[in-house]
Amino acid sequence: MISINEAKRLVKRAILANLVTEKKNLAITPLVSGKHGIGKSAMIKSIAEELGGVCITIEGGTLKEGEITGLPYQYKDEAGQIRFRFLPYYAVERIQNEERRLFEQAHGTTADSDALLGDENRFAQNELTPAEKINALRSGAVKPVIIFIDEINRTENTVYKELMNILLTRSVNGYQFPWWVFFVGAMNPSTQNSVYATNEMDPAQLDRFIKIKVGDNTREWLSYGKKAGISPDILSFIKDNPKCLSASDKELDDDEKPMPSPRGWDMVDTLLSSEPFLRVFFTDKENDPKVVEKDMKSLVTAKLGSSVSTMFFASLVAQTRALMPEEIFADDEHLTKFGEQLDRMSAGKRIQTCDLMLGYLKENIEFMMLDKTGFEKAKKQLSILVQKLDSSSRLLFAQNLSSAKTEDGNSLIEMLFDVFEHDLIEMLDLSDATRAAIEGSKS
């Protein structure tokens, strides 16, 4: 379970990733899940303060239908025609006013070319580059806004749908929120065993969020307690009896497991690629490679699940990647460039290299043989590749070659017999006729 301090970094990394990505239809929206009273709201407000912005909290549980999307009213326009529109929720109106101020500060007047966007989006400046957005926040020219929707799953059903639509589309009644508005949702644990009265979130909705499960941490709470001036007697008691900090009933936990999806991988790509550009928003301690690595693993796990995340990061730290056949044949006949890489390879990567080579030879060996000098060099390169394989990988490669044929139906191993040592060929289960044919091809 992730602690509040860890969750704070993760949420901050997640929302700031939206500055860097240029994927139009993909938003990184954290959804913080945790027991009541552990500090979710205070955490989001703290992030806003660090960024030099503000946090607008929307208490989902207190809203009534229509309050968030706006109340309808009629009015007469300049021509005297009756018009109909929604009176925006106070938070939306504040954001619209700030957006207009920033636009007029930069341009002076309303641009006629924006007329097709309607009144709500007339002052949009969402086409800035990632560098321009980062500079605007860092310089204080733009103060970010975090819209924090608390207890989203403890609302009336109609309100729940309205809030979900805002979180997922970043818009309300045709108004698209500017790039400097970030969204964070919070929910109480919602599972079959939960004691909370909540709306259930279906998998398609959940897939659009990064769900960060937060738990209480005694050490962090004691540190908070000292700063907040909580009685030393209470702090001493909790230190000696950490289980008494909060209830630990299973019904209070969120045991819903994240699952991988194409959208999830898209989010992971955004998170990982954005990290180097966002270091200016974090302290040296937070930018420590070990901290960054831990945070990235936590975010990927929150989105894709523990097993998939483990497999993915294991692939990144593997000794080396598999080699492409084109790389091997582009090297010299001694494999000076890639020989050491082959030595460092795991058994799995060596087998993968051999599989790639097998497919390449099936398609290209007959063309390679047209150049006798080049083909002799290629066989020497293959010999070194085979010598660097362990015995089981070498045997598997030879067995696959013995059964493989080119597109014209020719046997690969007959063309490449002298690549393999005699003792390896002896290990193959070949008929006498096949062995004789192979021996004949060698001479």
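All values below were derived from every heavy atom in this structure, side-chain atoms included, with hydrogens, water molecules and symmetry-related copies excluded. This one's a predicted model, so the numbers in the text were calculated from it and none came from an experiment.
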Would you give the length of the straight line joining atom CZ of Phe182 to atom CD1 of Ile146, rounded to the nearest 0.5 angstrom?
7.5 Å
Any sub-3.5 Å donor-acceptor pair from Asn18's side-chain atoms to Ile15's backbone N or O?
yes
Near Asp284 CG, under 6.0 Å, is it more than 12 heavy atoms from other residues, nucleotides or ligands?
no
Mark yes or no for whether Glu327, through its side chain, and Met324, through its backbone, hold a donor-acceptor pair below 3.5 Å.
yes
Please determine whether the number of non-hydrogen atoms from other residues, nucleotides or ligands lying under 6.0 Å from atom NZ of Lys294 exceeds 12.
no
Would Leu335 and Gln381 satisfy side-chain contact (heavy atoms from CB on, under 4.5 Å), going step by step from the backbone distance to the final call?
CA-CA 6 Å; Leu335 294 189; Gln381 292 169 321; 4.0 Å; yes
What I'd like to find out is whether the side chain of Trp180 reaches to under 4.5 Å of the side chain of Glu98, using heavy atoms alone.
yes
4.5 Å side-chain heavy-atom contact, Asp269 and Lys23
yes
Does any part of the side chain of Leu382, heavy atoms only, come nearer than 4.5 Å to the side chain of Leu385, both counted from C-beta?
yes
One should read off an interatomic distance between Leu342 CG and Met345 CE, to the nearest 0.5 angstrom, of 5.0 Å
With a 6.0 Å cut-off (strictly less than), is the heavy-atom count around CD of Glu340, excluding the residue itself, greater than 12?
no
For the atom pair CD1 (Ile149) and CG (Leu163), what is the distance rounded to the nearest 0.5 Å?
5.0 Å
Side chains of Leu356 and Leu323, heavy atoms from C-beta outward: is any pair under 4.5 Å?
no
For Arg219, the side-chain hydrogen bond (donor to acceptor under 3.5 Å, both in side chains) test, sequence neighbours excluded, returns none
By side-chain hydrogen bond (donor to acceptor under 3.5 Å, both in side chains), which residues pair with Glu286, not counting sequence neighbours?
Thr283
pair Val32-Met187: side-chain heavy atoms closer than 4.5 Å:
no
Please evaluate residues Lys12 and Glu50 with respect to the criterion salt bridge (charged side-chain N to carboxylate O under 4.0 Å, His left out), reporting the C-alpha separation (whole Å), side-chain torsions for both, the decisive distance (0.1 Å), and the verdict.
CA-CA 10 Å; Lys12 187 177 175 181; Glu50 286 185 6; 2.9 Å; yes
Gln399 backbone acceptor or donor facing Ser402 side chain under 3.5 Å
yes
Ion pair check, Lys303 and Asp207, cut-off under 4.0 Å:
yes
Can you say whether the rings of Phe312 and Trp265 are parallel (under 30°), tilted (30 to 60°) or perpendicular (over 60°)?
perpendicular
My understanding is that only residues two or more places apart in sequence, or in another chain, count here; which of them pass ring-ring contact (aromatic ring centres under 6.0 Å, His included) with Phe281?
none
Among residues at least two apart in sequence or on other chains, which ones pass side-chain contact (heavy atoms from CB on, under 4.5 Å) with Ser139?
Ala141
Any side-chain heavy-atom pair from Arg208 and Arg263 closer than 4.5 angstrom?
yes
Using the ring-ring contact (aromatic ring centres under 6.0 Å, His included) criterion, which residues pair with Phe282? Sequence neighbours excluded.
none
Nearest-0.5 Å distance that lies between atom CD1 in Ile238 and atom SG in Cys244:
6.0 Å
Who passes side-chain contact (heavy atoms from CB on, under 4.5 Å) against Asp295, sequence neighbours left out?
Arg9, Leu10, Arg13, Val291
With no hydrogens and no angle check, is any side-chain donor or acceptor of Arg170 less than 3.5 Å from a backbone partner on Val181?
yes
Around atom CZ of Phe277, are there more than 12 heavy atoms from other residues, nucleotides or ligands closer than 6.0 Å?
no
Mind checking side-chain hydrogen bond (donor to acceptor under 3.5 Å, both in side chains) for Ser393 and listing every partner two or more places apart, or none if nothing turns up?
Asp390
Does CG belonging to Asn25 count more than 12 external heavy atoms closer than 6.0 Å?
no
Pair Glu49 + Lys45, salt bridge at N-O below 4.0 Å
no
Expected output: side-chain Lys40 to main-chain Gly34 donor-acceptor under 3.5 Å
yes
Could you pull out all donor-acceptor pairs under 3.5 Å where a side-chain atom in residues 222-233 meets a protein atom, sequence neighbours excluded?
{"residue": "Ser231", "atom": "OG", "partner": "Asp233", "partner atom": "N", "Å": "3.2"}

Tell me the side chain to side chain donor-acceptor pair (under 3.5 Å) pairs involving residues 141-152, sequence neighbours left out?
Ser41-Asp150
Contacts of Ser273 that satisfy side-chain hydrogen bond (donor to acceptor under 3.5 Å, both in side chains) - sequence neighbours left out:
none
Around atom CD of Glu326, are there more than 12 heavy atoms from other residues, nucleotides or ligands closer than 6.0 Å?
yes
Ile58 side chain reached by Phe148 side chain, heavy atoms, under 4.5 Å
no
I need the Ser33 OG to Ile212 CD1 distance, nearest 0.5 Å.
10.5 Å
Are a donor atom and an acceptor atom from the side chains of Glu6 and Ser3 found within less than 3.5 Å of each other?
yes
Under a 3.5 Å cutoff, is there a donor and acceptor pairing between the side chains of Ser46 and Lys8?
yes
Is a donor on one side and an acceptor on the other found under 3.5 Å between the side chain of Lys239 and the backbone of Thr218?
no
Holding to side-chain contact (heavy atoms from CB on, under 4.5 Å), I want the full list of residues that pass it with Asn135, two or more places apart in sequence or in another chain.
none
Got a donor-acceptor contact below 3.5 angstrom from the Asn126 side chain to the Trp179 backbone?
yes
Before you tell me yes or no, could you show the steps for Phe397 and Leu389 under side-chain contact (heavy atoms from CB on, under 4.5 Å), namely the whole-Å CA-CA distance, both residues' side-chain angles and the distance that decides it to 0.1 Å?
CA-CA 9 Å; Phe397 188 27; Leu389 300 176; 4.0 Å; yes
Side chains of Asp332 and Lys337, heavy atoms from C-beta outward: is any pair under 4.5 Å?
no
Would Thr353 and Ile328 satisfy side-chain contact (heavy atoms from CB on, under 4.5 Å), going step by step from the backbone distance to the final call?
CA-CA 10 Å; Thr353 297; Ile328 293 175; 4.0 Å; yes
Output all residues satisfying side-chain contact (heavy atoms from CB on, under 4.5 Å) with Asn165, sequence neighbours left out; order by chain, then residue number.
Thr169
